> 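Could you have a look at this structure, given as structure tokens, before my questions?
FYI, side chains are in, hydrogens and waters are out, and symmetry mates aren't considered; it's all heavy atoms of this structure. For this chain, numbers begin at 1 and follow the sequence in order. This is a predicted model, so every value here is computed, not measured.
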Amino acid sequence: MKDTVIGVDLAKNIFQVHGASRAGEVMFRKKLRRQQFMQFMATQPPALVVLEACGSAHYWARELAGAGHEVRLIAPQYVKPFVKRQKNDAADAEAIVIAARQPEMRFVEPRTEAQQARGVLFRARQRLVHQRTELVNALRAVLYEFGLVVPQGIAHIRHIEAMLDEAVLPEAVKQECLDLLRQISEQSVRIDVRTKKIRMLAQESENTCRLQSMPGVGPLTALAIEAFAPDLQSFRRGRDFAAWLGLVPRQFSSGGKERLGKISKAGQADIRRLLIMGAMTQVNWASRKAPAPGSWLARMLARKPRMLVAIALANRMARAIWAMATKQEDYRDPALSVAA
């Protein structure tokens, strides 16, 4: 165990550094420029360096680990309660050290360069999808002002060109609609390029290929888990992973009375959203083709709303993903296991 704890309040140009012993005795407080920071840290003996999990934190975690330090990242919401009085860089750095010294504190696992690269690709596709949705809504709004109603969904865009040929619209409006259609087409091409890259990356890793053996988990979900989730071995059980994703009820319990609300939505939102979407596809398919009688899905659909069943199924999927990753096994259908 390192004898010194160094808290660093990161910024673009000015870094605030606070050093203290394990007992809490202050050893130094320094304000350093970006160019001076690594020079100073290289002169320090190996210590426990704690950063807030914010922008560039994963990069600095790798750099500091290369300099011989033990690096931990801590979520900003866990640091805030330890800030004394005024909010400033020095108080933040001190609060980071105090928070890190708490024996029950939870830390964020630093990401590798490969994980961050996959995350950038995933975010790029997500950004393009949002931009295309914005263009589609703008086009639908223009047409609606002239009495033309287009249903929601990208699939209906192909009918708009025929609609524009038949409709009597001012020439300026028609040209603007055609320009929006061209922009939507360009965004779709960019999205397809990113999707192909994601599919290729999802086939390169043994872990992502294994995850895709589960119904409802495709290349996007598998890559998101690899890019954004920590090592699943760090969770003691599958329920902890599901709770980390926010797929458990929020608690409002007091006085020995248990009160559970909606899901907490804590943790990684992208993985949670994709798991719920994958679960919803299974629920929709079960409404067309009835699941096996007596199965968990059949019993839940018989007495619960479909969306609630989808959330519960996403929770089960998260626990199964943890088991697959920790045991290095492909997905096994519970219904087939019981039948065997």
> Between Cys177 and Leu143, is any pair of side-chain heavy atoms under 4.5 Å apart?
yes
> Carefully, step by step, assess Arg190 and Gln187 under the rule side-chain hydrogen bond (donor to acceptor under 3.5 Å, both in side chains).
CA-CA 5 Å; Arg190 295 190 182 98; Gln187 292 295 86; 2.5 Å; yes
> Looking at side-chain heavy atoms only, is the closest gap between Val79 and Ile98 below 4.5 Å?
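A side-chain contact under 4.5 Å is absent here.
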> Kindly say whether Ala266 contributes a backbone atom to a donor-acceptor pair with the side chain of Arg272 at under 3.5 angstrom?
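Flag set: sc Arg272 to bb Ala266 pair under 3.5 Å.
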> For a side chain to side chain contact (heavy atoms under 4.5 Å, CB included) check, start with the C-alpha distance between Phe107 and Tyr78, then their side-chain angles and the critical distance, and finish with the verdict.
CA-CA 9 Å; Phe107 298 96; Tyr78 293 157; over 6 Å; no
> Can you name the closest pair of heavy atoms from Ala318 and Leu247 and give their distance?
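For Ala318 and Leu247, the tightest heavy-atom pair comes out as CB-CD1, 4.2 Å.
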> Starting from the C-alpha separation in whole Å, work towards a yes-or-no answer on ring-ring contact (aromatic ring centres under 6.0 Å, His included) for Phe122 and Phe228.
CA-CA 10 Å; Phe122 183 90; Phe228 301 124; 5.5 Å; yes
> Inspect the surroundings of CD in Gln328 and state if more than 12 heavy atoms from other residues, nucleotides or ligands are less than 6.0 Å away.
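More than 12 within 6.0 Å, yes.
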> Hey, are Arg72 and Glu70 close enough for a salt bridge, meaning a charged N less than 4.0 Å from a carboxylate O?
yes
> Under 4.5 Å between side-chain heavy atoms, hopping through other hydrophobics if needed: is there a path connecting Met317 to Val248?
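Met317 and Val248: separate clusters.
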> Is there side-chain contact between Gln44 and His69, with at least one heavy-atom pair below 4.5 Å?
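SC-SC contact between Gln44 and His69 confirmed.
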> If you look at every heavy atom in Ala138 and Leu180, which pair is closest and at what distance?
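Taking Ala138 first and Leu180 second, the nearest heavy atoms are C-CD1, 4.3 Å.
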> Any carboxylate oxygen within less than 4.0 angstrom of a Lys/Arg side-chain nitrogen, looking at Asp3 and Arg22?
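No, this pair does not count.
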> Cluster question for you: counting only ILVMFWY and a side-chain heavy-atom cut-off of under 4.5 Å, with indirect links fine, are Met324 and Leu275 together?
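Looking at the clustering, Leu275 is in the same group as Met324.
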> Below 4.0 angstrom, N of the basic side chain to O of the carboxylate: do Arg158 and Glu161 qualify?
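No, Arg158 and Glu161 are not salt-bridged.
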> Examine distances only and state if a side-chain atom of Glu25 and a backbone atom of Ala20 form a donor-acceptor pair shorter than 3.5 Å.
no
> Take Lys196 and Val193, measure what side chain to side chain contact (heavy atoms under 4.5 Å, CB included) needs, and give me the verdict at the end.
CA-CA 5 Å; Lys196 289 179 181 177; Val193 170; 6.0 Å; no
> So does Arg123 have more than 12 non-hydrogen atoms from other groups sitting under 6.0 Å from CZ?
yes
> Set out, in order, the CA-CA distance, both residues' side-chain angles and the distance that settles side chain to side chain contact (heavy atoms under 4.5 Å, CB included) for Ile14 and Lys31, then state yes or no.
CA-CA 7 Å; Ile14 303 297; Lys31 182 181 290 186; 3.3 Å; yes
> Apply salt bridge (Lys or Arg N to Asp or Glu O under 4.0 Å) to residues Asp92 and Lys87 and explain how you reach the verdict.
CA-CA 7 Å; Asp92 288 346; Lys87 167 74 171 66; 2.7 Å; yes
> Closer than 4.0 angstrom, basic N to acidic O: yes or no for Arg210 and Glu206?
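Looking at Arg210 and Glu206, the cut-off is met.
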> Can you tell me how far CD of Glu63 sits from CE of Met38, rounded to the nearest 0.5 angstrom?
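The CE atom of Met38 sits 5.5 Å away from the CD atom of Glu63.
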> Does atom CZ of Arg62 have more than 12 heavy-atom neighbours from other groups under 6.0 Å away?
yes
> Please examine the side chains of Ile198 and Thr195, heavy atoms only from C-beta on, and report whether any two atoms are closer than 4.5 Å.
no
> Please verify the inter-ring angle class for His159 with His156; under 30° counts as parallel, over 60° as perpendicular, anything in between as tilted.
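The rings of His159 and His156 sit tilted, inter-plane angle from 30° to 60°.
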> State, with a plain yes or no, whether a side-chain heavy atom of Leu64 is found less than 4.5 Å away from one of Leu51.
yes
> Quick one, Val5 and Val49 - any side-chain contact, counting heavy atoms below 4.5 Å?
no
> State whether the number of non-hydrogen atoms from other residues, nucleotides or ligands found under 6.0 Å of Phe28 atom CZ is greater than 12.
yes
> Step by step, would you call Leu308 with Met300 a side chain to side chain contact (heavy atoms under 4.5 Å, CB included)?
CA-CA 9 Å; Leu308 189 149; Met300 289 292 290; 4.3 Å; yes
> Would you indicate whether Lys174, at its atom NZ, is surrounded by more than 12 heavy atoms from other residues, nucleotides or ligands within a distance under 6.0 Å?
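Enclosed.
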> Can you name the nearest heavy-atom pair linking Ser253 to Arg259, along with the distance?
OG-N, 3.1 Å
> Please check if any side-chain donor atom of Arg118 sits under 3.5 Å from a side-chain acceptor atom of Gln115, or the reverse.
no
> Considering all heavy atoms of both residues, which atom of Arg306 and which atom of Ser287 are nearest to each other, and what is their separation?
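Result for this residue pair: NH2-OG, 4.4 Å.
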> Check whether Val8 and Ile74 end up in the same hydrophobic cluster, where Ile, Leu, Val, Met, Phe, Trp and Tyr are linked by side-chain heavy atoms less than 4.5 Å apart.
no
> When you measure from the centre of the six-membered ring of Trp322, is the NZ or CZ of Arg237 closer than 6.0 Å and no more than 45° off the axis?
no
> Is a side-chain donor or acceptor of Gln268 paired with a backbone partner of Ile271 at a separation under 3.5 angstrom?
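Checking the backbone N and O of Ile271 against the side chain of Gln268, a donor-acceptor pair under 3.5 Å is found.
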> Restricting to non-hydrogen atoms, name the atom on Leu274 and the atom on Ala224 that form the minimum distance, rounded to 0.1 Å.
CD1-CB, 3.9 Å
> In Å, rounded to the nearest 0.5 Å, how long is the span from CG of Asp165 to CD1 of Ile160?
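These two atoms lie 12.0 Å from each other.
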> Hey, does Val136 have a side-chain heavy atom less than 4.5 Å from the side chain of Ile184?
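When only atoms from C-beta onward are counted, Val136 and Ile184 do touch, with a gap below 4.5 Å.
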> Test of understanding: clusters of I, L, V, M, F, W, Y form through side-chain heavy atoms closer than 4.5 Å, transitively. Do Met214 and Trp296 belong to the same one?
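Cluster IDs for Met214 and Trp296 match.
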> Taking atom types as modelled, find out whether Asn284 and Arg288 have a side-chain donor-acceptor pair closer than 3.5 angstrom.
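No - no donor-acceptor pair under 3.5 Å links their side chains.
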> Would you find more than 12 non-hydrogen atoms of other residues, nucleotides or ligands less than 6.0 Å from Met163 atom CE?
yes
> We want to know whether Glu171 and Gln175 form a side-chain donor-acceptor pair, criterion being a heavy-atom distance below 3.5 angstrom.
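Result is yes, a qualifying pair exists.
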> Could you state the interatomic distance from CD (Glu186) to CD1 (Ile191), rounded to the nearest 0.5 Å?
12.0 Å
> Answer whether the closest heavy-atom distance between the side chains of Leu181 and Leu164 falls below 4.5 Å.
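Contact flag for Leu181/Leu164 side chains = yes.
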> For the residue pair Ala91 and Asn88, what are the closest heavy atoms and their distance?
N-OD1, 2.8 Å
> Is the backbone N or O of His18 less than 3.5 Å from a side-chain atom of Arg29, with the two atoms forming a donor-acceptor pair by type?
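Side chain of Arg29 to backbone of His18: no pair is present.
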> Counting only heavy atoms not in Glu134, do more than 12 sit closer than 6.0 Å to its CD atom?
no
> Do Gln126 and Asp270 have a side chain donor and acceptor closer than 3.5 Å?
yes
> Rounded at 0.5 Å granularity, tell me how far CG in Asp9 sits from CZ in Phe15.
9.5 Å
> When you group the ILVMFWY residues by side-chain heavy-atom contacts below 4.5 Å and let the links chain together, are Leu313 and Tyr331 in the same group?
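Per the 4.5 Å side-chain linkage, Tyr331 and Leu313 are co-clustered.
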> For Arg239, I'd like to know if atom CZ has over 12 heavy atoms of other residues, nucleotides or ligands within 6.0 Å.
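For Arg239, atom CZ is not crowded (no more than 12 foreign heavy atoms under 6.0 Å).
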